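Everything on this sheet refers to the single structure shown next.
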Amino acid sequence: MPYASSNTANTAPHSKNAAMPSESPYQQRTTQRDNPTQQLIKQAVDYLLQQLEAGKSETLTAYLAAMARFHNYSFGNIMSIARQRPSATHVAGFHTWKELGRFVKRGEKGIQILAPMVGKRRTKDDGNQRSKQDDSAKAAPVLIGFRAVYVFDVAQTEGADLPEFEHNITGEVGEHRNRLIAFLDSQNIALEYNENIAPALGVSYGGKIAILPGQTPAEDLVCLVHETAHELLHKSDRRTMTTATVRETEAEAVAFIVGQAIGLEMGKASSDYIQMYAGNAALLAESLEVIQRTSAVILEAITEESTSKHATHAAATPETRDELAEVA
């Protein structure tokens with residue numbers, strides 16, 4: 001969609017604008033091959049490349065849909081869920097389903113993800129020489145590694161009916177647009193409506209977004225998300241050089257994920273996605289990761305639950321809240 005025919009401006013972003021770090025441990029597969037998270041992502045990306053090269057573009061749609069459904073999960077676990085069960089809509093561990101009055105059906109195969117293991121890392125000076133202040137400081141939980149655990153999709157379970165997991169507002173914008181505008185303001189990104197940008201629906205200038213007036217509320221929001229993605233992703237340095245086509249596709253993918261996550265009808269993702277990467281697995285992996293992270297930032301800003309969840313999310317991801325109890 002011609003959202004931003006002029007989004008390639010090299011204007012330096014405001015410091016608050018650089019929400020997406022250019023470096024990522026997920027991208028260092030060649031130097032940290034023993035990292036289980038990186039191995040998980042590599043398997044998922046390799047599978048996606050194979051599917052796209054075979055003309056099966058619906059696999060990409062499934063990956064993007066998983067990013068919309070599980071945007072609070074880590075990038076590696078989202079990719080792993082999408083690879084193993086593309087149709088998954090809500091996943092939880094065996095014991096969690098049991099607490100909800102549902103039971104995993106006999107013969108169902110679990111979806112493997114990685115759960116962080118949090119504990120106390122012992123040091124050489126552990127013993128009688130430590131003061132009480134040292135004890136309290138060293139008792140703080142730390143990440144000590146990862147462990148494979150299994151979750152199951154709701155379709156793999158049966159039992160008591162569940163309440164709605166998501167409060168979708170199909171076709172309705174609700175307060176999401178106002179929250180996105182507030183987010184842009186917090187990032188020092190100006191917004192204006194300008195008829196002169198036609199035929200483009202939106203343009204990202206770097207620190208300013210222009211939107212074509214007269215669109216429906218849903219189209220307006222999706223366009224605004226698209227241009228916000230450009231502002232967050234494409235106005236600062238990237239680890240890998242990208243083309244204008246790749247940048248447009250990344251912004252469109254972010255709009256697809258965010259729109260689907262809040263209940264808008266988004267259609268299907270581009271079937272020509274693979275052609276933009278020419279088999280470059282490293283660029284594809286980086287692109288998918290920044291798409292997921294950017295959409296998660298936007299969703300965090302515009303969803304009603306974001307304020308109440310913000311404090312707890314930093315301390316406990318879905319993996320730590322749900323699966324760590326099963327790892328212990």
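This one's a predicted model, so the numbers in the text were calculated from it and none came from an experiment.
- When side chains are defined from C-beta on, Leu212 does not count as touching Asn194, because their heavy atoms never get closer than 4.5 Å.
- Contact annotation: the side chain of Gln43 never approaches that of Met79 to less than 4.5 Å [non-hydrogen atoms, C-beta and beyond].
- Scanning both residues, Ala218 and Val173, for their nearest heavy atoms gives N-CG2, 3.6 Å.
- Counting only distance, with no hydrogens or angles, the side chain of Thr96 and the backbone of Ala92 share no donor-acceptor pair below 3.5 Å.
- In this structure a side-chain-to-backbone donor-acceptor pair under 3.5 Å is missing from Gln112 to Val149.
- A donor-acceptor contact shorter than 3.5 Å is absent between the side chain of Tyr63 and the backbone of Glu58.
- Taking CD1 of Ile113 as the start and CZ of Arg147 as the end, the distance is 13.5 Å to the nearest 0.5 Å.
- What you find for Trp97 and Val91 is that their closest heavy atoms are CZ2-C, 4.3 Å.
- Using a distance-only test at 3.5 Å, with no hydrogens or angles considered, no donor-acceptor pair links the side chain of Arg69 to the main chain of Thr89.
- Residues Phe146 and Met117 form no side-chain contact, since every pair of their non-hydrogen atoms from C-beta on lies 4.5 Å or further apart.
- Minimum heavy-atom separation, Ile209 to Thr228: CD1-N, 3.8 Å.
- In this structure the side chain of Leu288 reaches within 4.5 angstrom of the side chain of Leu60, judged on heavy atoms.
- For the residue pair Glu300 and His71, no side-chain donor N or O sits within less than 3.5 Å of a side-chain acceptor on the partner.
- Annotation: the span from Phe75 atom CZ to Ile291 atom CD1 amounts to 8.5 Å, rounded to 0.5 Å.
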List the steps, then state whether side-chain contact (heavy atoms from CB on, under 4.5 Å) holds for Arg85 with Phe152. CA-CA 9 Å; Arg85 193 175 180 89; Phe152 299 86; over 6 Å; no

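- From Asn77, atom CG reaches atom CG of Leu40 across 6.0 Å, with rounding to the nearest 0.5 Å.
- The closest donor-acceptor contact from the side chain of Gln84 to the backbone of Ser80 lies under 3.5 Å.
- Across every non-hydrogen atom of Ser204 and Lys235, the tightest pair is OG-CE, 3.2 Å.
- Annotation: side chain of Lys109 is not in contact with side chain of Tyr150 (no heavy-atom distance under 4.5 Å).
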How far apart are the C-alpha atoms of Glu289 and Glu286, what are their side-chain angles, what is the distance that settles it, and do they pass the side-chain contact (heavy atoms from CB on, under 4.5 Å) test? CA-CA 5 Å; Glu289 184 189 355; Glu286 178 187 347; 5.7 Å; no

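- Among all heavy-atom pairs drawn from Leu221 and Arg177, the shortest one is CD1-CA, 3.8 Å.
- Between Thr59 atom OG1 and Leu49 atom CG the span is 11.0 Å, to the nearest 0.5 Å.
- Arg179 CZ to Ile298 CD1: the interatomic distance, rounded to the nearest 0.5 Å, is 14.5 Å.
- Between the side chain of Asp153 and the backbone N or O of His90, at least one donor-acceptor pair lies under 3.5 Å.
- A heavy-atom distance below 4.5 Å is not found between the side chains of Gln187 and Glu231.
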Pair Glu252, His226 - check side chain to side chain donor-acceptor pair (under 3.5 Å), show working. CA-CA 6 Å; Glu252 185 66 5; His226 180 108; 3.1 Å; yes

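- Side chains of Ile81 and Phe70 form a contact here, defined as non-hydrogen atoms less than 4.5 Å apart.
- Between the CD atom in Gln156 and the CZ atom in Phe103 there is a gap of 16.0 Å [rounded to 0.5 Å].
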Stepwise side chain to side chain donor-acceptor pair (under 3.5 Å) check, Asn178 with Glu175: CA-CA 5 Å; Asn178 291 337; Glu175 288 297 312; 3.1 Å; yes

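- Under a cut-off of 6.0 angstrom, the local environment of NZ in Lys105 is crowded, with over 12 non-hydrogen atoms contributed by other residues, nucleotides or ligands.
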Please assess Phe183 against Ile302 for the test side-chain contact (heavy atoms from CB on, under 4.5 Å), listing each intermediate value before the final yes or no. CA-CA 8 Å; Phe183 172 73; Ile302 70 174; 5.6 Å; no

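- Inter-residue side-chain proximity for Lys208 and Ile189 is flagged as unmet; no heavy-atom pair is nearer than 4.5 Å.
- Ser287 approaches Glu250 most closely through the heavy-atom pair OG-OE2, 2.8 Å.
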Intermediate values then yes/no, side-chain contact (heavy atoms from CB on, under 4.5 Å), Arg247 and Leu233: CA-CA 8 Å; Arg247 292 192 292 273; Leu233 277 173; over 6 Å; no

